[in-house]
Amino acid sequence: MVAQKKGGGARVSEDAEEQSRQRLQAILLADSFATKFRPVTLERPKVLLPIVNVPMIDYTLAWLESAGIEEVFVFCCAHSMQVIEYLENSEWYSHPNLVVRTIESHKSISAGDALRYMYEQQTETSQILGDFVLVSGDTVSNMPLADLIQEHRERKKKDEKAIMTMVIKKSKSSSLTHQSRLGTDQLFIAVDPLTKQLLHYEEDKIDLAKGSVCLEKSLLDGNPSVLLFNDIQDCYIDICSPEVLSLFEDNFDYQQLRRHFVKGVLVDDIMGYKIFTHEIHSSYAARIDNFRSYDTVSKDIIQRWTYPYVPDINFSGNRPLKLGRQGTYRACDAVQSRSADVGASTVIGYGTKIGNGDIILNSVIGNGCSIGSNVVIEGSYIWNNVTIEDGCEIRNAIVCDGVKIRAGAVLQPGVVLSFNVVVGRDFVVPAYSKVSLLQQPTTEDSDEELEYAESSSGAVDHSSGVNLQIESKASELGPDGAGYIWEVCEGAHDEEWKHSVAPIPKDKLAEITQAIDDDDTEDESVLPPSGELKSDADSINTDVNDPNDDYYYFEKEVEGTFLRAIDENIKVDLVTLEINSLRLSFNMESADCAGAVFYSMMKQAVDTPHNSASELYRNASSIMGKWKELLGFYVKKIDEQIEVIMKFEEMCQESPKELGPVFTQILHFLYEKDVLQEDAILRWAEEKAGADEADKVYLKQCEKFIQWLKEASEEEDEDDEEEDS
Amino acid sequence: MPDVQSMVVEFVNKLRKRKIEGSQATAKYTVELLRSVISQHRVPHANQAAALIDAVKAVGEQLVAANPVELAVGNVVRRVLHIIREEDLSLTTAAMAGLDLLDASDDDDEDNCKGIGYPAMSAAVVAAARSTLRPPSLQTLLEGTPESATVPYTSSSGADSESKSKSADKSSITRKLKHDVIEGVNQLIHEIAGCHEQIAEQAIEHIHQNEVILTLGSSRTVLEFLCAAKEKKRSFRVFVAEGAPRYQGHLLAKELVARGLQTTVITDSAVFAMISRVNMVIIGAHAVMANGGVIGPVGVNMAALAAQKHAVPFVVLAGSHKLCPLYPHNPEVLLNELRSPSELLDFGEFSDCLDFGAGSGSPLLQVVNPTFDYVPPNLVSLFITDTGGHNPSYMYRLIADYYSADDLVM
């Protein structure tokens with residue numbers, strides 16, 4: 001078919017119908033239908049934002065053109081005039097191989113609306129004639145499409161219901177990588193290994209938080225085997241058949257492509273439509289979804305993963321830069337002071353001046369910027385015609401066109417300065433703040449761009465009620481500054497770091513890593529490898545999982561076991577066997593067992609009716625005396641003994657009235673019964689010595705006992721010494 | 001006939017997107033494009049050559065800018081410019097000669113001039129002009145006229161010649177110039193198309209019975225060269241270094257085996273280990289610089305050094321379109337191109353190393369994937385071009401034959 005197509009291209013007088021049938025078409029959504037790039041997108045559409053000094057849409061169009069697409073429908077929504085104007089003045093309008101048509105619609109507020117609009121247009125003009133590629137205008141890729149479209153068509157011929165092929169790419173299989181590379185949540189998909197049919201698609205963090213993924217049983221009925229992936233990155237490149245458009249028309253509530261459409265198709269078994277996946281290996285594809293992926297994709301471009309769409313190649317009317325050592329790209333007319341230090345992976349645009357003593361690292365600087373002396377720019381994206389005066393410090397920020405940063409100002413990590421903002425002298429812009437000349441919209445639908453139930457970036461939604469009280473307009477960025485700092489509500493502030501250009505702060509990183517480690521240890525027990533579910537990723541799931549939950553259940557189980565043991569008078573070794581198996585299935589440490597066993601004993605003592613503290617002590621001592629062996633089995637090591645004491649302390653704190661008075665007594669009892677050794681008690685005392693006053697209550701209570709222990713041990717030592725000598 | 005401008009844009013696009021690769025294909029496409037540019041260019045009456053040169057230069061600049069690393073484009077553009085200059089020169093010389101003749105026979109009609117039999121222009125004239133008037137300029141041309149004008153009388157070639165009348169010679173010169181230039185460009189096309197055979201013809205003189213030949217990467221010239229020797233019943237073995245990371249050596253090995261040659265594939269890193277068993281290293285060049293240095297696939301320099309260490313002849317095959325009149329130290333020359341790291345590493349496997357969100361935000365992993373390598377002239381034993389074998393130190397001389405000095409800087 002490809003050969004035919006080429007033949008058709010050569011002979012101009014080919015049958016028109018034949019030609020148009022073979023024509024490769026694409027729909028490019030020049031609107032993200034999201035607000036993640038606000039406030040920048042209030043003034044300029046996202047697809048025109050420069051990434052490494054070239055508007056995003058140029059990357060997408062250049063890729064589509066070289067992949068053999070002949071006609072692109074650019075669907076413009078927000079700022080449609082700007083997009084159309086840009087395209088008209090660009091070389092794409094007069095491109096010999098690629099016909100660019102723009103479609104304008106102001107009513108559409110989601111990808112679903114856009115496709116429905118396309119469908120309506122379609123019935124009138126029938127522009128879309130066959131399979132088409134559906135991408136958004138913020139896709140950077142260099143993958144070949146011809147074979148993929150061919151594959152899709154063949155499959156469609158065999159199976160009428162195969163309406164879509166989704167492009168996926170392998171990425172490292174940890175949620176940390178997902179988070180830190182593209183700022184997206186982890187994706188979980190199930191694929192039939194033979195046909196590559198997509199069976200399950202899960203991107204919502206809410207579902208993953210439960211620590212498990214629910215697959216429908218029918219999924220396993222119909223397929224001999226299912227491959228589960230959690231190390232896949234969705235490239236948001238789809239090959240669609242015309243049925244996709246009509247499906248959107250039929251289901252008027254479909255808004256988002258993934259959340260609604262893909263899930264809808266997967267769930268719906270009446271129509272029986274199927275979605276297939278195609279994995280790419282050597283080529284690059286990524287979508288710029290938020291500021292973090294903007295940063296990552298920029299760096300991938302600088303590192304040339306997107307070759308040939310790299311700054312030193314003139315791929316779309318951009319002026320090529322010269323590639324120097326260590327991956328620095330520099331325009332030939334950029335002026336750089338000798339004393340300036342321009343480090344690795346840096347891009348410097350045309351007509352930019354760099355002053356004395358500047359330090360520039362890992363940054364992209366646009367055209368026509370002027371940078372004063374002793375400026376530090378690190379990991380930042382400076383767009384065009386920005387003026388930076390002497391002594392500024394800019395770290396991990398995005399600075400849009402026309403911004404002025406006056407002398408001595410500091411931009412902390414994650415700052416976004418929208419167009420023409422002026423930062424005042426010596427002003428410090430706090431981390432993660434977004435600054436714009438426009439006020440933050442106070443109502444949700446004040447703009448063409450809308451947010452759709454994005455739990456992760458609900459900044460605007462949440463603050464919709466907040467009425468900004470900006471009287472001192474100019475002073476928000478210092479006395480000689482101009483711009484509003486956008487409010488971020490409390491809830492969203494925690495999420496802010498996820499999508500910002502700044503690297504993830506260390507504590508957050510530790511948190512995520514912690515969560516992952518917990519997952520890893522837990523997964524082994526919770527998800528035994530089953531024959532049917534071939535999991536090829538090492539850990540199946542979960543972003544957040546509270547280890548304490550597990551411990552709680554474990555404790556309950558141990559308690560139940562212990563109660564049964566008392567009731568049925570089961571032998572000690574049998575009880576230990578049972579508790580050991582519980583320990584394995586919950587993947588607990590033996591110290592946890594010690595704590596849990598002790599807890600159940602004390603619980604039992606407390607639950608036994610008693611009137612006074614002494615009675616309680618008697619209860620406890622009788623139970624512990626009876627089950628000394630069991631306890632002794634688990635508290636062999638010092639660590640475990642300390643764990644028991646801590647547990648005891650914890651219990652006392654929970655019910656101070658009942659257990660508080662007997663703390664010392666029971667401690668003493670345990671010591672006498674050789675359950676606890678003096679080392680353990682002393683170590684516990686040492687650990688506690690540095691704690692808060694509130695935590696020291698019980699330490700003080702048994703101060704005498706400890707004192708006595710210390711003396712005893714000293715004496716012993718003396719004895720030893722005497723013996724030695 | 002499609003519009004020249006759109007053809008130019010299409011070709012520029014292909015070059016930019018790196019859709020067209022290999023110097024022969026590029027050279028062929030370029031020269032064909034330039035032929036259409038010349039043939040469709042409307043030449044003014046005055047100063048036709050300059051107009052043609054400007055037109056070719058304008059297109060040439062676009063093409064060179066589209067992919068500066070593909071030196072063959074620039075080479076071919078310069079060759080075409082040279083052809084225009086040469087033809088212009090010879091015509092002018094002829095005109096001068098005709099002028100002298102006209103002094104004798106004044107009443108000659110321009111339309112009847114053909115075949116009247118004044119052998120105004122001949123190879124001798126051109127040769128004389130070439131030798132005496134380089135670099136050609138109007139000044140020297142005029143000064144040189146008296147002596148060269150004497151040549152026609154003695155030369156006896158009855159080839160096509162034209163004598164021009166003072167008044168009406170312009171249009172006919174124009175027509176003639178364009179015609180001659182296109183003729184010259186056609187010759188160039190022919191030459192580029194036939195360079196493989198020309199080079200391969202010499203194979204038998206260089207490859208001997210039972211020799212072991214080492215090559216690196218894949219080159220069509222090398223393939224044809226080896227096969228030509230094979231056809232002449234020479235039996236020899238070929239070691240093919242695979243040419244990581246693109247592994248074009250694998251393709252070459254396949255082709256060689258298909259043509260019945262004994263082939264051994266080795267890794268690039270094994271070149272030094274194997275070189276002692278090799279009788280000759282044969283390499284296809286990407287470009288040959290004016291100093292005799294060679295730009296070839298990455299890894300070639302290593303092979304050249306190994307060959308020098310073991311005193312193995314290092315032979316470079318290059319069609320004349322690969323001769324670049326520039327020196328490698330020229331800042332205008334882009335010697336290398338860094339390709340995508342995905343040829344080296346699997347992105348999926350290494351995505352965690354490219355994690356910018358964590359840590360300092362700067363990538364700790366860098367991947368450098370250069371396409372080409374530079375071999376200095378002292379490591380090259382012999383160049384085999386379509387005009388025969390040459391020493392590296394002779395390259396500048398060949399280049400002087402092919403290019404005019406005015407075009408070196410475009």
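Fair warning: this is a prediction, and the values are worked out from it, not measured in the lab. Numbers restart at 1 for each chain; the letters A, B, ... are given by sequence-line order, proteins then strands.
The two residues A:Lys170 and B:Phe347 make their nearest non-hydrogen contact at O-CD2, 4.5 Å. Considering every non-hydrogen atom in both A:His281 and B:Asp346, the closest pair reads O-OD1, 3.9 Å.
Enclosure of atom NE2 in B:His250 by more than 12 non-hydrogen atoms of other residues, nucleotides or ligands within 6.0 angstrom is indicated. Annotation: B:Lys28, atom NZ; neighbour count of heavy atoms from other residues, nucleotides and ligands within 6.0 Å does not exceed 12.
Interface remark: B:Lys19 contributes side-chain atoms only to the contact with chain A (heavy atom separation under 4.5 Å). Of the two parts of A:Asn314, the backbone and the side chain both hold a non-hydrogen atom closer than 4.5 Å to a non-hydrogen atom of chain B. Interface residue B:Leu345: backbone and side-chain heavy atoms are both found under 4.5 Å from chain A. In this structure, the portions of A:Ser66 lying under 4.5 Å from any heavy atom of chain B include both its backbone and its side chain. Proximity to chain B (any heavy atom under 4.5 Å) is restricted, for A:Leu323, to the side chain, taken from C-beta onward. Proximity to chain A is limited to the side chain of B:Asn13, based on heavy atoms less than 4.5 angstrom apart.
In this structure, the separation between CD1 on A:Ile313 and CG on B:Leu338 is 9.5 Å, given to the nearest 0.5 Å. Between B:Ser6 atom OG and A:His95 atom NE2 the span is 11.5 Å, to the nearest 0.5 Å. Rounding to the nearest 0.5 Å gives a distance of 13.5 Å between CG of A:Asn142 and CZ of B:Arg18.
Residues A:Arg304 and B:Asn369 fail the side-chain proximity criterion, which asks for heavy atoms closer than 4.5 Å. Between A:Tyr284 and B:Ser342, the closest side-chain pair of non-hydrogen atoms is not below 4.5 Å. At a threshold of 4.5 Å between non-hydrogen side-chain atoms, the residues B:Gln366 and A:Ser345 count as touching.
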ask   = Would A:Tyr307 and B:Glu343 count as a side chain to side chain contact (heavy atoms under 4.5 Å, CB included) if you check the C-alpha gap in whole Å, the side-chain angles of each, and the deciding distance to 0.1 Å?
value = CA-CA 11 Å; A:Tyr307 182 91; B:Glu343 287 174 355; over 6 Å; no

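A salt bridge links B:Arg16 to A:Glu91: at least one charged side-chain nitrogen sits closer than 4.0 Å to a carboxylate oxygen.
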